[in-house]
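In what follows, a structure is listed as structure tokens, so that the remarks can point back to it.
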Amino acid sequence: NELSGGSLIMGLLLGWLIPLFSFRFWPEPVVIRRPLTLLRFIATVLYDILLANFIVAALIVRGPRRLNPAFVRVPLDLKSELAISLLSNTICLTPGTVSAELAADQRSLLVHALSTDDPQALVNIIKQRYETPLKQVFES
């Protein structure tokens with residue numbers, strides 16, 4: 001339970017070898033079209049996770065009467081199963097939101113928000129901050 005040179009090297013080695021040996025089992029080949037956009041996406045997600053932790057903590061401290069939970073349907077422009085999966089997982093990683101259901105036709109994603117005053121603003125944020133970069137990285 002500590003960071004050491006050996007565990008860091010082992011983590012890097014496994015992080016490289018596992019995808020190398022398992023790529024044959026993936027339903028579609030992964031092609032990263034814009035690596036810098038992917039790096040910006042990762043930084044955005046990490047920032048949003050950090051910020052959302054503070055927002056959720058403040059919501060909890062203020063009490064349940066101040067919450068305004070909602071289910072919001074997010075229309076999807078993504079076609080790639082990998083990109084849709086990454087979007088869904090990104091939403092789940094961000095405290096205060098959970099991907100609840102992918103439509104059978106994969107054209108929309110049902111998202112539960114712990115508290116939102118403007119459901120359309122939430123849809124716009126998800127599409128702008130998460131879906132657009134994923135589309136650029138994996139589909140464009």
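This chain uses plain numbering: 1 for the first residue, then up along the sequence.
Taking each heavy atom of L59 and S115 in turn, the nearest pair found is CD1-CB, 3.9 Å.
Side-chain contact check for N124 versus D118: every heavy-atom pair is 4.5 Å or farther apart. For the pair L109/I91, a side-chain contact is recorded, criterion being any heavy-atom separation below 4.5 Å from C-beta on. Using a 4.5 Å heavy-atom cutoff, the side chains of K79 and R107 are in contact.
The ring pair (Phe, Tyr, Trp, His ring centres under 6.0 Å) contacts involving residues 37-57 comprise nothing, where partners must be two or more places apart or lie in separate chains. Sorted by first and then second residue, the pairs that involve residues 108-140 and meet ring pair (Phe, Tyr, Trp, His ring centres under 6.0 Å), not counting sequence neighbours, are F71-H112.
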For a quick test of your reading: what N or O donor-acceptor pairs under 3.5 Å do the side chains of residues 5-19 make, sequence neighbours left out?
unit_1 : atom_1 : unit_2 : atom_2 : d
S7     : OG     : S4     : N      : 3.2
S7     : OG     : S4     : O      : 3.0
S7     : OG     : S4     : OG     : 3.3

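Residue E139 places its CD atom among more than 12 non-hydrogen atoms of other residues, nucleotides or ligands, all under 6.0 Å distant.
To the nearest 0.5 angstrom, I126 atom CD1 is 7.0 Å from L87 atom CG. The CG atom of L78 sits 8.5 Å away from the OG1 atom of T132 when rounded to the nearest 0.5 Å.
With sequence neighbours excluded, no residue satisfies side chain to side chain donor-acceptor pair (under 3.5 Å) with R66. For the salt bridge (charged side-chain N to carboxylate O under 4.0 Å, His left out) test, residues two or more places apart in sequence or in another chain that qualify with D77 are K127. Every residue two or more places apart in sequence or in another chain that forms a salt bridge (charged side-chain N to carboxylate O under 4.0 Å, His left out) with E101 is listed here: R73.
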